[in-house]
Amino acid sequence: MASGTASRSEDEESLAGQKRSSSQVSGAIPKRRSSSRFIKRKKFDDELVESSLAKSSSRAKGASGVEPGRCSGSEPSSSEKKKVSKSVSTPVAPSPVPTPGLAKRMKKSKQPLQVTKDLGRWKPADDLLLINAVLQTNDLTSVHLGVKFSCRFNLREIQERWYALLYDPIISKLACQAMRQLHPEAIAAIQSKVLFSKAEEQLLNKVGSTSQPTLDTFQDLLHKHPDVFYPSRTAKALQLHWQLMKQYYLLDDQTVQPLPKGDQVLNFSDAEDMLDDNKLKDVRDEVLEHELTVADRRQKREIRQLEQELHKWQVLVDSITGMSSPDFDSQTLAVLRGRMVRYLMRSREITLGRATKDNQIDVDLALEGPAWKISRKQGVIKLKNNGDFFIANEGRRPIYIDGRPVLGGNKWKLNNNSVVEIASLRFVFLINQDLIALIKAEAAKMAQQ
């Protein structure tokens with residue numbers, strides 16, 4: 001037993017010496033310690049795909065490559081563990097050929113994107129305009145040249161859209177649903193822009209260029225040929241199109257004059273001499289003429305009203321400047337002089353207040369300053385036969401005459417140079433003494449008779 005234990009200790013010492021020598025040969029850097037515990041963390045999408053593929057491949061290998069001599073409970077060797085770790089670490093590329101179910105899903109997901117892209121550029125109004133124009137002309141080239149869409153589509157885009165509306169069930173269904181949701185006014189506006197067909201232009205060619213057709217003429221054409229003209233055509237639309245055809249010499253009885261041959265170049269004066277003045281007359285615009293007549297009638301009515309109100313204007317308002325004119329003349333009885341304006345009293349009775357649309361007065365105190373506190377009819381100034389002036393307060397606020405308040409419903413005598421204050425607006429009342437003396441003399445003569 002002692003010899004056995006001694007041999008075992010010698011073997012262990014020899015193994016330890018071999019390990020030390022191998023570590024010295026390999027280098028002085030010791031091996032890094034690593035934990036055998038598995039740290040769980042969230043995997044990214046590519047890692048999930050790689051791990052699932054690795055698991056499926058390892059299962060297939062395990063099922064097919066099990067050695068017959070090894071039992072199910074035996075652990076794999078270290079070399080096998082390294083092989084498995086290598087196989088798991090290397091990602092396996094997915095097969096490029098998709099399954100039929102996946103291909104169908106990809107097709108279904110791509111189709112609506114293309115449809116919505118088409119619908120985003122082609123508006124429902126454009127589709128309706130395209131359909132009506134093609135039904136009228138049966139020519140996509142003329143539709144491209146004559147129709148104004150919301151975008152500038154070239155001829156190829158118009159052709160592709162027309163064929164898509166005819167043969168693509170998804171696009172045609174979505175376009176029809178969008179066109180049904182248009183407002184009736186939008187549909188009427190689109191139908192008014194529809195191109196004229198050749199049959200319609202042939203009927204318009206029968207109207208002579210020298211004649212002056214009216215709206216009734218084109219209305220008769222609509223009644224006689226309802227099956228030829230588009231349902232939304234009006235007499236006004238036919239008249240405008242006929243005028244365009246006449247302008248471009250497209251009528252049957254019109255001929256385009258050829259250019260002069262030779263070296264002679266047509267200058268501006270020669271072209272002006274060739275013009276026919278009768279053909280340059282502007283077409284009567286009934287709507288414009290109606291608006292002009294209404295405006296003229298309104299202006300005449302306002303002038304007539306001003307003329308009728310001339311006898312009511314008994315007070316003239318003059319702006320006060322540095323060099324003011326004399327206060328009195330042969331017709332002015334008195335003057336109510338303010339800081340900004342002066343009011344000339346030329347009748348025996350005038351009203352004071354604030355003028356509005358419904359209330360016209362003789363003296364508008366708003367011309368002097370802020371008059372929002374003044375009543376619309378603040379007071380009345382009267383001249384009696386004896387030559388005395390009296391002011392009657394008919395407003396809510398008091399009127400101050402030389403500092404004395406005159407309440408509503410009361411009267412007060414006005415003297416020459418009296419100070420009249422109405423809601424912080426001050427005036428000086430000046431009397432034409434010469435004219436008042438004449439009035440008093442005439443009153444005395446009348447009393448003696």
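Computed from a prediction, not measured in an experiment: that's the story for all the values here.
Put simply, the side chain of Trp242 gets close to the backbone of Val207: a donor and an acceptor are under 3.5 Å apart. No side-chain donor-acceptor contact under 3.5 Å links Ser197 to the backbone of Thr137. Put simply, the side chain of Lys382 never gets that close to the backbone of Phe390: no donor and acceptor are under 3.5 Å apart. With hydrogens and angles disregarded, a donor-acceptor distance shorter than 3.5 Å links the side chain of Asn359 to the backbone of Arg376. For the pair Glu200 (side chain) and Tyr230 (backbone), a donor-acceptor distance under 3.5 Å is present. Not a single donor-acceptor pair under 3.5 Å links the side chain of Asp402 to the backbone N or O of Ser418. A donor-acceptor pair under 3.5 Å is formed between the side chain of Gln254 and the backbone N or O of Lys246. A donor-acceptor pair under 3.5 Å is formed between the side chain of Ser347 and the backbone N or O of Glu349. Looking only at distances, a side-chain donor or acceptor of Glu368 sits under 3.5 Å from a matching main-chain atom of Arg339.
Contact detail for Gly395 and Ser375: the closest heavy-atom pair is CA-OG, 3.7 Å. Here the closest non-hydrogen pair linking Ala392 and Lys411 is CB-CG, 3.9 Å. Nearest heavy atom pair, residue Leu425 against residue Gly369, reads CD2-CA, 4.1 Å. Scanning both residues, Leu221 and Phe229, for their nearest heavy atoms gives O-CE1, 3.6 Å. A pairwise comparison of heavy atoms in Thr332 and Leu435 identifies O-CD2, 3.4 Å as the closest pair.
The structure places OG of Ser172 at 9.5 Å from CD of Gln177, a figure rounded to the nearest 0.5 Å. The CG atom of Asn205 lies 8.5 Å from the CG atom of Asp253; values are rounded to the nearest 0.5 Å. A distance of 13.5 Å separates CD1 of Ile131 from CD of Gln136, quoted to the nearest 0.5 Å. For the atom pair CG of Leu336 and CE of Met345, the computed distance is 10.0 Å after rounding to the nearest 0.5 Å. Between atom CG of residue Leu165 and atom CG of residue Leu174 there is a gap of 10.5 Å, rounded to the nearest 0.5 Å. One finds the CG atom of Leu129 at 9.5 Å from the CG atom of Asp127 (value rounded to the nearest 0.5 Å).
With 3.5 Å as the limit, one finds a donor-acceptor pair spanning the side chains of Asn393 and Gln378. One side chain, Asp126 or Ser150, offers a donor N or O that lies under 3.5 Å from an acceptor on the other. In this structure, a donor-acceptor pair under 3.5 Å is present between the side chains of Glu201 and His241.
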(request) Run the numbers on Leu365 and Leu367 for side-chain contact (heavy atoms from CB on, under 4.5 Å), then give the verdict. (result) CA-CA 5 Å; Leu365 299 177; Leu367 299 174; over 6 Å; no

(message) Under the criterion side-chain contact (heavy atoms from CB on, under 4.5 Å), I'd like the reasoning laid out for Ile391 against Val406: C-alpha separation, chi angles, the key distance, then a yes or no.
(response) CA-CA 9 Å; Ile391 183 170; Val406 180; 5.6 Å; no

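Annotation: side chain of Lys236 is in contact with side chain of Gln239 (closest heavy-atom distance under 4.5 Å). In this structure the side chain of Ile399 never reaches within 4.5 angstrom of the side chain of Glu421, judged on heavy atoms. Between Ile361 and Leu352 there is no side-chain heavy-atom pair separated by less than 4.5 Å. Looking only at side-chain heavy atoms (C-beta outward), Leu238 and Leu215 stay at 4.5 Å or farther from each other. For the pair Leu128 and Asn132, the minimum side-chain heavy-atom distance is below 4.5 Å. Here the side chains of Leu383 and Ile436 are in contact, with some heavy-atom distance below 4.5 Å. Side-chain atoms of Val143 and Asp139, non-hydrogen and from C-beta on, never get closer than 4.5 Å to each other. A 4.5 Å side-chain heavy-atom check between Arg346 and Leu333 finds every atom pair outside the cut-off.
In summary, Arg121 and Glu157 engage in a salt bridge, as defined by a charged side-chain N under 4.0 Å from a carboxylate O. Ion pairing between Arg298 and Glu302 fails under the 4.0 Å rule for side-chain N and carboxylate O. Classification of Asp364 and Arg354 as a salt-bridged pair fails, no side-chain N sitting under 4.0 Å from a carboxylate O. The existence of a salt bridge linking Asp220 and Lys224 is excluded, since no basic side-chain nitrogen approaches an acidic carboxylate oxygen closer than 4.0 Å. Note on Asp168 versus Lys173: no salt bridge recorded, every NZ/NE/NH1/NH2 to OD/OE distance being 4.0 Å or above.
Classified by interplanar angle (parallel below 30°, tilted 30° to 60°, perpendicular above 60°), the ring pair Phe389/Phe429 is perpendicular.
The cationic atom of Arg233 (NZ for Lys, CZ for Arg) lies less than 6.0 Å from the six-membered ring centre of Phe196 and within 45° of the ring axis.
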